[in-house]
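Fair warning: this is a prediction, and the values are worked out from it, not measured in the lab. Below, read A as the first sequence line, B as the second, and so on, with proteins coming before strands; counting in each chain starts at 1.
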Amino acid sequence: MNVHDYLSVLNPEQVQAVKHEGSPLLILAGAGSGKTSVITAKIAYLISEKGVRPSQILAVTFTKKAATEMMERACRLEPLASKAQIRTFHSFGSWFLRYHAAEAGISPNFTVYDDTDMVTLVSKAVPSLQKKNAAHYAHLISLAKDYCLTWDSPELPELEADPDFPEIYRAYENRLRETGNVDFGDLIMLPVILLQDNESLRAFMHSRFRVVMVDEYQDSNVAQFKLLQALSGDDTYVCVVGDDDQSIYRFRGAEVQNILTFQDHFPGTEIIKLVRNYRSVAPILSNADCVVSNNKDRLGKNLVSVRGEGGKPQLFFFANQDEESAFCAQMIEEAHKKGCPYSDWAILYRTNAQSLNFETEFLHKKIPYSVVGSLKFYEREEVKDALAIISFLVNPRDELSFRRIVNKPPRGIGEVSQDKIIARAAANRTDANLVPKLGLVEASLDVLPSLPKKAKNALKEFLDIISELDEMLGPEEAYGSFPDESEDGGLEESAASDAALAEKAAHKAASASKEKVLTLADFIEEAVKKTGLVEYHEAQDEIAGTQKVANLQELFNSAALYDCSRKGLLEFLDHIELDRAAEEPSEENSDAVTLITLHNTKGLEFSRVIITGMETGVFPRADKKEEDLEEERRLFYVGITRAKDELYFTSCASRRLYGRTDFMEVSPFLMELDAENLSVYGRQPAAFRRNFQTLHGNSASGTGFGKNADSFVNSGRKSSLGSASSGRILNTNATADDDFDDTLETVWRKGKRVYHDDFGYGYITNAIYSDEGEYIITIAFECGRKKSFMPAYQASSLMLCGE
DNA sequence: TCACAGTGACTTTTT
DNA sequence: GTCACTGTGA
């Protein structure tokens, strides 16, 4: 594509950002301001106009999805961009470490331990810890690594004052090094340490990458910042893109300060702001702006809507989450009848657990949906089992994988025997001061004679299986030196793009006709069968009615495009560990509603968005204060700015949590919305009505206040929505909202006999109005329990008894 | 070593 | 309401 073509579609600030050179650059890109267009154009521009070699460009993103999209779009503008390094932070770290494994003290065939593995390893390293505490410390360790702190860092106590922590961290670290593997934090921290300690390596990287760009910079953590610093030489062009208002990963060590203080660390930085929003209609944007302006700690900017006027966002109040999900389903269904595709819609929620209600409802109504993120396919037991086999094959020091598979199905090799083997391997290593080639296999052989008969035979059998599989893989291949810019990058290159994979598949198909080529899928299937895992999980399926075997089959399929070799195995494992976010929903139901957590929506956009569960305790979560609350607010801001055309909020008066029904207060964020640009439906909680109008004066009148939710959606479900939610007995004489409370008082009065679905019969012993203006009754049940209710919202479970 | 039953904790958010 | 951990007993 001609340079003038892709520059001509950009606005002046965007062009300025693309053409900028000579100093570090910070692009503050508001939501929907076309930042990906800018980055991709910049990559293309550097290559085609500035003569930068593609391989000298490193662009890092936060998610695989973003990396893939960036690569595709850059290649569309400039095909040579395919030679640029466009990766996630973690994938870059992994790539780097493969070539510097020895210096980092890890196996070149390392695999990545996830959070669950970390917990297990902590409890193995410090056996005295309870499981719960192990999880706590595992979390602290990963946080420490996010801040690039080792166990002996002097600053470690600033992060966590617990005097036990450094020792536990140290014990974990030793144990991890014994396995030769790394955790997620290491993928960033180890490269930083290597680069900081090794000047020539640093110099090499500086000459290797002349341009370093970082996307979503607001979500980078301290370790990632240090990595960027280490990669930046005197002549390196550094460009970061981010939006401080969209920083939502503080809990994981992301440091907003990275973007707020970027200029301090990179002197001479030029800042370019992109504030023209091309995504959302004006009323949506003004609500977003109203909300985020409540945050103090921000650089500050106002988005300008390019699209202009559109419909106002709508806020709906419901009695409980069943009405909420029913309403959403109904609204989507009605829009669908008018020709709106399901895929236009996204349901956003704070926690994954909230998806369940919607899934149930959508299944019932036969609305296609896909749940993003919570799939956790690779975290399932059977899948982890299968992966453990191949992880162990590529890295026979991998303690956790070994433990996972050696006695599954039960062979009689219990924990005691396992501990013996691990201890032996550790001793082996220290005594000889070198890494045994087959760590745990050799250790097993050493320990074998001392085991009880049953365990001995079982272990022999297991070792035979492993060695058979090992032979199938052929000899180990060594890694060369780090690929310099004249080469194409090496290790993962063959699996780096879909195009490459497709090509490979075609090649496979062609050669398959000549001779039967063993793919990785065949190999994994063979491995799982040989170890007896298939039978084991088949049995489990029969008992529990699970889908374990089917899941295993799916795993085999996903390995079909990789070589049956050690290298292929590693590529596959890397793909799984680092790219799991990229799993696309299957194409067969491409027209589906998206169910997604607010966090997962980063970088996405939808025509119509419903943000659900707007209640205190759900969103924001109950324990959020001050800075954390600001982060929750930014999360809300991210959610709002995903919407292009239509935006809805829903809030429930009561919600089932842990099988218990709790009364909810409205989310304080709702009070921060823009009254001028919001329509409100359903029964407003008193707290909302009062605060919202106080905050916004009388401007709210005429914006749809007081309208019932069911007047908006007229259908068979009417009776359970809106004003009729005052209890079954009132269905026949539901009245207008305004004189509604008086009715409650007479109907649910002291002394009346009632029936509750969960608690049985009882009497009303007390009735009061709360400070919030809610009518609250207390009931003494015959079962002995005493509970309080707000009958206005008790649509389904509480009933008055006739005399 | 394994199976079972009782109990307690749990729900953030993710590379 | 569910899951997973813990301890006990065979």
Side-chain angles (χ1 to χ4, degrees), chain A residues 60-67 87-94 112-116 118-120 123 129-136 139 142-143 145-146 182-189 216 219-221 223-224 247-254 348-356 372-376 378-379 381 407-418 451-455 458 543-544 574-582 596-603 613 617-624 628 631-632 634-636 638-639 655-662 758:
Chain A
V60 278
T61 65
F62 211 68
T63 64
K64 173 69 184 175
K65 196 167 191 165
R87 291 173 173 274
T88 66
F89 261 114
H90 291 88
S91 135
F92 173 80
S94 169
V112 184
Y113 280 150
D114 66 18
D115 291 359
T116 329
M118 280 184 81
V119 176
T120 316
S123 54
L129 282 182
Q130 304 256 312
K131 185 84 187 184
K132 188 181 121 200
N133 289 331
H136 168 72
H139 176 74
S142 74
L143 200 62
K145 291 189 174 184
D146 285 343
V182 298
D183 55 30
F184 272 114
D186 284 338
L187 290 177
I188 312 296
M189 187 172 83
E216 305 281 10
D219 284 321
S220 61
N221 59 35
Q224 287 160 339
S247 167
I248 53 174
Y249 283 103
R250 215 174 77 99
F251 68 95
R252 220 184 57 204
L348 276 49
Y349 37 78
R350 181 64 177 80
T351 62
N352 277 312
Q354 285 165 260
S355 73
L356 195 62
V372 176
S374 77
L375 249 181
K376 306 229 167 109
Y378 294 110
E379 279 161 42
E381 183 195 2
N407 199 29
K408 199 169 198 176
R411 297 184 171 87
I413 309 169
E415 210 181 339
V416 179
S417 307
Q418 292 172 25
L451 293 181
K453 204 175 189 180
K454 190 181 173 199
I543 300 164
D574 261 7
H575 167 79
I576 285 164
E577 288 296 347
L578 304 174
D579 308 347
R580 56 174 70 166
I596 189 169
T597 63
L598 282 149
H599 279 88
N600 263 323
T601 61
K602 189 167 81 168
V618 175
F619 187 34
R621 288 193 57 76
D623 46 357
K624 301 296 178 186
D628 284 344
E631 172 141 321
E632 293 273 302
R634 288 193 293 269
L635 188 56
F636 189 36
V638 167
R655 183 171 289 274
R656 277 191 311 276
L657 293 162
Y658 321 98
R660 206 142 276 224
T661 302
D662 286 336
D758 295 336

Measuring from A/Leu348:CG to A/Leu635:CG, what's the distance to the nearest 0.5 Å?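 These two atoms lie 9.0 Å from each other.
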Could you tell me the separation between the CE atom of A/Met189 and the CG atom of A/Asn221, rounded to the nearest 0.5 Å?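 Going from the CE atom of A/Met189 to the CG atom of A/Asn221 covers 11.5 Å.
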Are A/Ser94 and A/Asp574 packed together at the side-chain level, in the sense that at least one heavy-atom pair is separated by less than 4.5 angstrom?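 Answer yes - side chains close enough.
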Minimum side-chain heavy-atom gap A/Asp662-A/Arg655 below 4.5 Å: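 They are not in contact (no side-chain heavy atoms under 4.5 Å apart), so the answer is no.
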Find the distance [X]:[atom1] to [N]:[atom2] and express it as a whole number of Å.
X	N	atom1	atom2	result
A/Asp219	B/dT13	CG	P	16 Å
A/Glu216	B/dT15	CD	C1'	13 Å
A/Leu143	B/dT13	CG	P	17 Å
A/Asn221	B/dT15	CG	C1'	10 Å
A/Ile248	B/dT13	CD1	P	13 Å
A/Arg250	B/dT12	CZ	P	16 Å
A/Ile596	B/dT13	CD1	P	13 Å
A/Tyr349	B/dT12	OH	C1'	13 Å

Who are the side chain to side chain contact (heavy atoms under 4.5 Å, CB included) partners of A/Ala66, not counting sequence neighbours?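 Side chain to side chain contact (heavy atoms under 4.5 Å, CB included) list for A/Ala66, sorted by chain: A/Thr61, A/Thr63.
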Which nucleotide, [options], lies nearest any side-chain atom of [X]?
X	options	result
A/Ala353	B/dT13, B/dT15, B/dT11	B/dT11
A/Arg621	B/dT15, B/dT12, B/dT13	B/dT12
A/Arg350	B/dT15, B/dT14, B/dT12	B/dT12

DNA chain C: 5'-most and 3'-most nucleotides touching chain A, 4.0 angstrom heavy-atom criterion: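 So the contact region on DNA chain C extends C/dG1 to C/dT6.
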State whether A/Asp628 and A/Arg250 are salt-bridged, where the test is any N-O pair (Lys NZ or Arg NE/NH1/NH2 against Asp/Glu carboxylate O) under 4.0 Å.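 Between A/Arg250 and A/Asp628 there is a salt bridge, with a charged N closer than 4.0 Å to a carboxylate O.
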Exam field: side chain A/Glu632 to backbone A/Arg621, donor-acceptor pair closer than 3.5 Å: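 Confirmed, A/Glu632 side chain pairs with A/Arg621 backbone.
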Take atom P in B/dT11 and the same atom in C/dT6, then report the distance between them in whole Å.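 Here B/dT11 and C/dT6 have their P atoms 15 Å from each other.
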At under 4.0 Å, does any side-chain N or O of [X] touch on OP1 or OP2 of [N]?
X	N	value
A/Thr597	B/dT12	no
A/Asn352	B/dT13	yes
A/Asn600	B/dT13	no

Centroid separation A/Phe619 to A/Phe636 less than 6.0 Å: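 Here the rings of A/Phe636 and A/Phe619 have centres that are less than 6.0 Å from each other.
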Base, sugar-phosphate alone, or nothing: which one does A/Phe62 contact when heavy atoms must sit under 4.0 Å apart?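 Sugar-phosphate, no base atom in range.
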Cation-pi, A/Phe184 ring and A/Lys145 (6.0 angstrom, 45 degrees):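 Cation-pi check for A/Lys145 and A/Phe184: fails.
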Specify whether A/His599 and A/Tyr249 have parallel, tilted or perpendicular ring planes, treating 30° as the upper limit for parallel and 60° as the lower limit for perpendicular.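 Answer is tilted, since the angle falls between 30° and 60°.
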Could you go through nucleotides 1-3 of chain B and list every protein N or O atom that sits under 3.5 Å from one of its N or O atoms, giving the distance for each pair?
residue: B/dT1; atom: OP2; partner: A/Gly414; partner atom: N; Å: 2.7
residue: B/dT1; atom: OP2; partner: A/Glu415; partner atom: N; Å: 3.4
residue: B/dC2; atom: OP2; partner: A/Asn407; partner atom: ND2; Å: 3.3

B/dT15 base stacked by A/Phe89? Criteria: ring centres under 5.5 Å, plane angle under 30°.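 It does not: the ring fails the test against the base of B/dT15.
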